[in-house]
Peer 1: 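One structure, as structure tokens, below. Some questions next.
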Amino acid sequence: MNPAAAAARPVGGLATGFAPSFRLIQAHFWLGLAGLCLFAAGLVFVAPTLEGHFFQPRLLGLVHLCVLGWLLPIALGAMHQLVPVVFEVPVRSERIAWVALFLFAAGAAGLVGHMWSLSVGWGFPAAAALLTTSVILYAWNLLSTLARKATMTLTGVYVIASLFWLLLAVGFGMALAWHLHAPWLQMNHLLLLRAHAHAAGLGFFGLLIMGVAYRLLEMFLLSYGASERAGRAAFLFVNAGLIGLVIGFVTDGGVWTIAAAAAIAAGVCCFLLQVRTIHARRMRKKTDSAWHLTFASFAYLASAAAVGLGLVLWTDPPHELVLAYGLIALPGFVGSVVIGQLYKILPFLVWLHRFSPYVGLKKVPAASEILPEAPKRIQAVLMHAGLLTLLAGMGTGSGALRLAGALGFAASALLATRNFSIILRSRP
Ligand code: HEM
């Protein structure tokens, strides 16, 4: 669509004529919800035996079901909505985004299936190659969308950096998949695995969430004019720390790794300071469960940074602490913010596409009235209770507690799917 025509269409917070079709965004969200349910089922299945070293076939499958099945499709869908809207440029190519989505779905299913059963035949690197191609297409599409914008905001800088970290993470992932199929690395692959996991978890998800959080907090809490100093410091600390961490892991350099982890912890503190600065200037005082989930996710982030620092200082940390670290960072930090912000973004988009044409013609609910608060609140409580019980089960070595936690999380996943289905299906 040409920019003049796009600009002439109504502008409203999260949507303008610059955004791609709602079908594309919905397809990503539906895929993510299916992935969430499968991940929850997998967690229940694995929870009673969830102990020992992190490198296990089922755990590899479960981790990627979480990130590739649930978190990444929703993050990519939200990016396709937010990037064109926040930066007021049309998405480079919607067709490329559809192609990337199909390659992604096929690659993710193949990779998770092969990991779960540790079958490392040709299908394993082939699935990784499909994913790599898909992520390159996504990143190219989004980066060339951003390149159309002459001026860059702090959020834009975070988004660009997050996409570069994603490309690096997937590059490492492809190299590791090939190594499992036909060993070629001259180093311990577990060191590259750590670099891969941190480039993806903190480099992509972490920076993306931090950068977008600044913008969404300002938009939804009506907070204007906050200084960005802490946000800029957070960007520098986290990126410098990540570069140090990757070099430290790959070269097995202990001092590098400790300094890098300290820099990342400092970056997380600066991020929280920036959130506090924006929050303090808000004009909208009332917060709902979407914000409680979001602020809980920042608490998970702070805990992950503390545990991460502990892990690099501890010479031989217990396996359970490493597993807990992954649980706090992925379903805890990334999962909470993904669910929380979806409760904000989705009703707004559905309202804009389905309800807004009827304004003035008949009585239409406000976006916030499409789904009542109670089911969202119950879902959030179940999610945190499930994750915390799972963590307690890991700490005490109790299989029964771990299973109870996984069942709580699964109940929250079903309720989240029910809640989002109601929003996605609602019509005037
Ligand atoms: C973008 C989100 C991703 C995240 C957060 C992520 C995270 C992780 C984590 C935490 C592990 C270690 C799991 C364990 O040992 O239990 C791991 C391993 C692995 N990942 Fe990913 N991953 C992501 C995407 C990918 C992609 C797209 C590929 C393929 C192209 C991939 C390929 C692999 C492989 C092959 C391993 C096993 C490495 C080895 O055995 O040495 N990952 N990943």
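Counting convention: from 1, in listed order, for ligands and their atoms alike. All heavy atoms count here, side chains included; hydrogens, waters and symmetry mates do not.
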Peer 1: Please list the nearest protein heavy atom to atom 17 (C) of ligand 1 with its residue and the distance rounded to 0.1 Å.
Peer 2: H64 CE1, 3.2 Å

Peer 1: Who gets closest to atom 32 (C) of ligand 1 by heavy atom: S134, C66, G171, G173?
Peer 2: G173

Peer 1: For a 4.5 angstrom cut-off between non-hydrogen side-chain atoms, does Y325 reach L311?
Peer 2: yes

Peer 1: Which bit of Q56 gets closer than 4.0 Å to ligand 1, counting heavy atoms only: side chain, backbone, both or neither?
Peer 2: neither

Peer 1: Just jot down the ligand 1 atoms closer than 4.0 angstrom to any heavy atom of A177, in number order.
Peer 2: 35 (C)

Peer 1: Can you name the atoms of ligand 1, numbered from 1 with element, that are less than 4.0 Å from a heavy atom of H189?
Peer 2: 39 (C), 40 (O), 41 (O)

Peer 1: Taking everything shown except F164 itself, do over 12 heavy atoms lie less than 6.0 Å from its CZ?
Peer 2: no

Peer 1: Among L71, L166, V338, find the residue that satisfies the side-chain contact (heavy atoms from CB on, under 4.5 Å) test when tested with F205.
Peer 2: L71

Peer 1: Mind checking whether H196 contacts ligand 1 via backbone (N, CA, C, O), side chain (CB onward), both or neither, at a 4.0 Å heavy-atom cut-off?
Peer 2: side chain

Peer 1: Counting each atom of ligand 1 from 1 as listed, which ones have a heavy atom of F54 under 4.0 Å away?
Peer 2: 14 (C), 15 (O), 16 (O)

Peer 1: A197 heavy atoms, cut-off 4.0 Å: which ligand 1 atoms fall inside?
Peer 2: 9 (C), 10 (C)

Peer 1: Under 4.0 Å from any heavy atom of V63, which atoms of ligand 1 are there?
Peer 2: 8 (C), 9 (C), 10 (C)

Peer 1: What protein heavy atom is closest to atom 12 (C) of ligand 1, reported as residue, atom name and distance in Å?
Peer 2: L193 CD2, 3.4 Å

Peer 1: Does G113 offer a backbone N or O that forms a donor-acceptor pair with the side chain of S117 under 3.5 Å?
Peer 2: yes

Peer 1: Taking the six-membered ring for Trp, is the centroid-to-centroid distance between H198 and F249 below 6.0 Å?
Peer 2: yes

Peer 1: Could you go step by step and tell me if F298 and F271 meet the ring-ring contact (aromatic ring centres under 6.0 Å, His included) rule?
Peer 2: CA-CA 9 Å; F298 299 159; F271 163 71; 5.1 Å; yes

Peer 1: Should we say atom CH2 of W291 is surrounded by more than 12 heavy atoms from elsewhere, each under 6.0 Å from it?
Peer 2: yes

Peer 1: Tell me: protein heavy atom nearest atom 37 (C) of ligand 1, and distance?
Peer 2: L60 CD2, 3.7 Å

Peer 1: Would you say the ring centers of F29 and F420 fall short of 6.0 Å from each other?
Peer 2: no

Peer 1: Give the atom numbers and elements of ligand 1 that come within less than 4.0 Å of a heavy atom of A200.
Peer 2: 1 (C), 2 (C), 3 (C), 4 (C), 5 (C)

Peer 1: Who's the nearest protein heavy-atom neighbour of atom 40 (O) of ligand 1, and how far?
Peer 2: F55 CE1, 2.7 Å

Peer 1: Would you check if the distance from the ring center of F348 to the ring center of H353 is below 6.0 Å?
Peer 2: no

Peer 1: May I ask you to identify the nearest protein heavy atom to atom 27 (C) of ligand 1, giving residue, atom name and distance to one decimal place in Å?
Peer 2: V170 CG2, 3.9 Å

Peer 1: Dump the intermediate steps for side chain to side chain donor-acceptor pair (under 3.5 Å) on D288 and Y343, then the final yes or no.
Peer 2: CA-CA 10 Å; D288 53 14; Y343 279 137; over 6 Å; no

Peer 1: Are F39 and F409, when compared by the centres of their aromatic rings, separated by less than 6.0 Å?
Peer 2: yes

Peer 1: Quick test: of every protein heavy atom, which one is nearest to atom 28 (C) of ligand 1, and how far off is it to 0.1 Å?
Peer 2: L111 CD2, 3.9 Å

Peer 1: Tell me the nearest of H53, M115, H198 to atom 33 (C) of ligand 1, using heavy-atom distances.
Peer 2: M115

Peer 1: Can you tell me which portion of L190 lies within the under-4.0 Å heavy-atom range of ligand 1? Options are side chain, backbone, both, or neither.
Peer 2: neither

